[in-house]
Protein chains: 2
Amino acid sequence: MLGERIRDAGLKVTEPRLAVMRALESRPHADADTVFGAVRGELPGTSIQAVYGVLAALATAGLLRKIEPAGSPARYELRTGDNHHHVVCSGCGALEDVDCVVGHAPCLIPSADSGFSIHTAEVTFWGLCPACQASQDSH
Amino acid sequence: MLGERIRDAGLKVTEPRLAVMRALESRPHADADTVFGAVRGELPGTSIQAVYGVLAALATAGLLRKIEPAGSPARYELRTGDNHHHVVCSGCGALEDVDCVVGHAPCLIPSADSGFSIHTAEVTFWGLCPACQASQDSH
DNA sequence: GCACTTGTTTTGAGTGATTCAAAACAACCA
DNA sequence: TGGTTGTTTTGAATCACTCAAAACAAGTGC
């Protein structure tokens, strides 16, 4: 099934690609290094460059989405195509999904676009996760 | 006047700091390297580390805002405190201001916050700037 | 005005995340 | 089963930025 999705996207089905997708299934929002660790577990000998290559290929194919929050390495998720948003913890970098607020994008149409033809709107919330709130209170 | 703003923020007024602010006045959304180039023009001998230090100090003091769009070096702007947003050109990285859409943030309150205490909402639009649209059409 | 304290900048080096390139390799088609 | 084309490995490099110690200078109080 993962294999089909990869093939349907016009890509060759390889072990590293399957391993990366499997890693992201159980680790949403993992960064490249975390994915690398997971992949290396079941497929030793895989290089970090291969992981970057796979992530880039799958992202281009639309099978995964790359998230690049300020101040932390890029994160990857399999949930694509529904333009949901994210909350990032400014304390520890924890990242969670946030479903689009008002149902659908009133906020996704800028008033003046400076002549740009806009294709995406990205919303990121910043805050403190429960754990970081707790450690801040006791301080 | 720039000096006063710096002093009022509790910082010492120095030439590098004045030069950085002047550079950003005429170059909104410049990156560190661009600022460095401008500063070096009027104050040779300034180091790039000083520029990074100044930018960090002024950002912490609230005198400037750091913008970190995916895929390009951090950009800096003097326009702070009004939580406006940005459009980024996915072709060339050009960046422009976008005033907040619906007047005030309906989109800035997520439906479910996963227990995070949110302090900021950031909206980034991605699209093609007029120049990149043109070069794409003729292609 | 002058010394002093504290915050800044310089100088020099290092790091993390990611990318580039060439050669070895393996999917998939015929 | 062979050939072609896309992938991965191996090895190296780059970019943007940070760290640390020493030299220096703003701004305070005398």
Side-chain angles (χ1 to χ4, degrees), chain A residues 2-21 23 29-40 42-61 63-64 66-76 88 92-93 95, chain B residues 2-23 29-40 42-61 63-64 66-76 88 93 95:
Chain A
L2 282 183
E4 280 171 48
R5 292 178 56 197
I6 295 175
R7 191 183 336 265
D8 290 351
L11 296 171
K12 289 182 179 172
V13 180
T14 67
E15 275 311 319
R17 284 175 179 175
L18 291 168
V20 164
M21 292 198 79
H29 312 128
D31 62 14
D33 209 59
T34 301
V35 171
F36 177 51
V39 167
R40 199 179 35 184
E42 56 178 76
L43 207 66
T46 307
S47 66
I48 181 79
Q49 291 90 328
V51 170
Y52 276 109
V54 168
L55 290 169
L58 297 180
T60 303
L63 293 178
L64 59 81
K66 183 180 187 179
I67 313 159
E68 302 178 66
S72 62
R75 316 281 271 269
Y76 301 87
V88 184
C92 66
L95 199 158
Chain B
L2 281 183
E4 280 171 49
R5 291 178 56 196
I6 294 174
R7 191 183 335 265
D8 290 351
L11 296 171
K12 288 183 179 170
V13 180
T14 67
E15 275 310 319
R17 285 174 179 175
L18 291 167
V20 164
M21 290 198 80
R22 264 183 253 120
H29 311 129
D31 61 16
D33 209 58
T34 302
V35 171
F36 177 51
V39 167
R40 200 178 34 185
E42 57 180 73
L43 207 66
T46 307
S47 64
I48 180 80
Q49 291 89 329
V51 170
Y52 276 111
V54 168
L55 290 170
L58 297 181
T60 303
L63 294 177
L64 59 79
K66 183 178 186 181
I67 313 158
E68 303 177 68
S72 62
R75 316 281 270 270
Y76 301 86
V88 185
L95 198 158

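Just so it is clear: chains get the letters A, B, ... in the order the sequence lines come, proteins before strands, and each one is counted from 1.
- B/Q49 meets the side-chain hydrogen bond (donor to acceptor under 3.5 Å, both in side chains) test with no other residue; sequence neighbours excluded.
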Let me check something: any side-chain donor-acceptor pairs from residues 7-21 of chain B under 3.5 Å, sequence neighbours excluded? List them with distances.
from	atom 1	to	atom 2	distance (Å)
B/T14	OG1	B/R17	N	3.3
B/R17	NH1	B/K12	O	2.9

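- Pairing each heavy atom of B/F36 with each of B/V51, the nearest pair is CD1-CG2, 3.8 Å.
- Counting all heavy atoms, side chain and backbone alike, B/V88 lies closest to B/G93 at CG1-O, 4.1 Å.
- For A/R5, there are no side-chain hydrogen bond (donor to acceptor under 3.5 Å, both in side chains) partners, not counting sequence neighbours.
- Here the straight-line distance linking atom CG of A/L63 with atom CG of A/L55 works out to 11.5 Å at 0.5 Å rounding.
- The overall bend of the helix from C/dG1-D/dC30 to C/dA30-D/dT1, read as the angle between its terminal helix axes built from five base pairs each, is 30° when rounded to 10 degrees.
- Shown for residues 49-57 of chain A: residues whose heavy atoms fall under 4.0 angstrom of DNA chain D, namely A/Q49, A/A50, A/V54.
- Counting to the nearest Å, the P atom of D/dA16 and the CD1 atom of B/I48 are 10 Å from each other.
- Under the rule for a salt bridge (charged side-chain N to carboxylate O under 4.0 Å, His left out), the partners of B/E42 that lie at least two apart in sequence or sit in another chain are B/R22.
- Among all heavy-atom pairs drawn from B/Y76 and B/A32, the shortest one is CE1-N, 4.0 Å.
- Scored by the side-chain hydrogen bond (donor to acceptor under 3.5 Å, both in side chains) test, A/T34 finds A/D31 as partners (sequence neighbours excluded).
- With sequence neighbours excluded, no residue forms a side-chain hydrogen bond (donor to acceptor under 3.5 Å, both in side chains) with B/T46.
- Only B/L11, B/K12, B/T14, B/P16, B/R17, listed by number, bring a heavy atom of residues 7-18 of chain B to less than 4.0 angstrom from any atom of DNA chain C.
- Between B/P73 and B/D33, the closest side-chain pair of non-hydrogen atoms is not below 4.5 Å.
- With rounding to the nearest 0.5 angstrom, the NZ atom of A/K66 is 12.5 Å from the CG atom of A/L58.
- Residues passing the side-chain contact (heavy atoms from CB on, under 4.5 Å) test with B/A59 are B/L64, sequence neighbours excluded.
- The outermost nucleotides of DNA chain C lying under 4.0 Å from heavy atoms of chain B, listed 5' to 3', are C/dT6 to C/dA13.
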Set out, line by line, the N/O atom pairs under 3.5 Å between protein and nucleotides 28-30 of chain D.
none

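- Nearest heavy atoms, B/E68 versus B/A74: CG-CB, 4.0 Å.
- One can place NZ of B/K66 at 13 Å from P of D/dA16, the figure rounded to the nearest angstrom.
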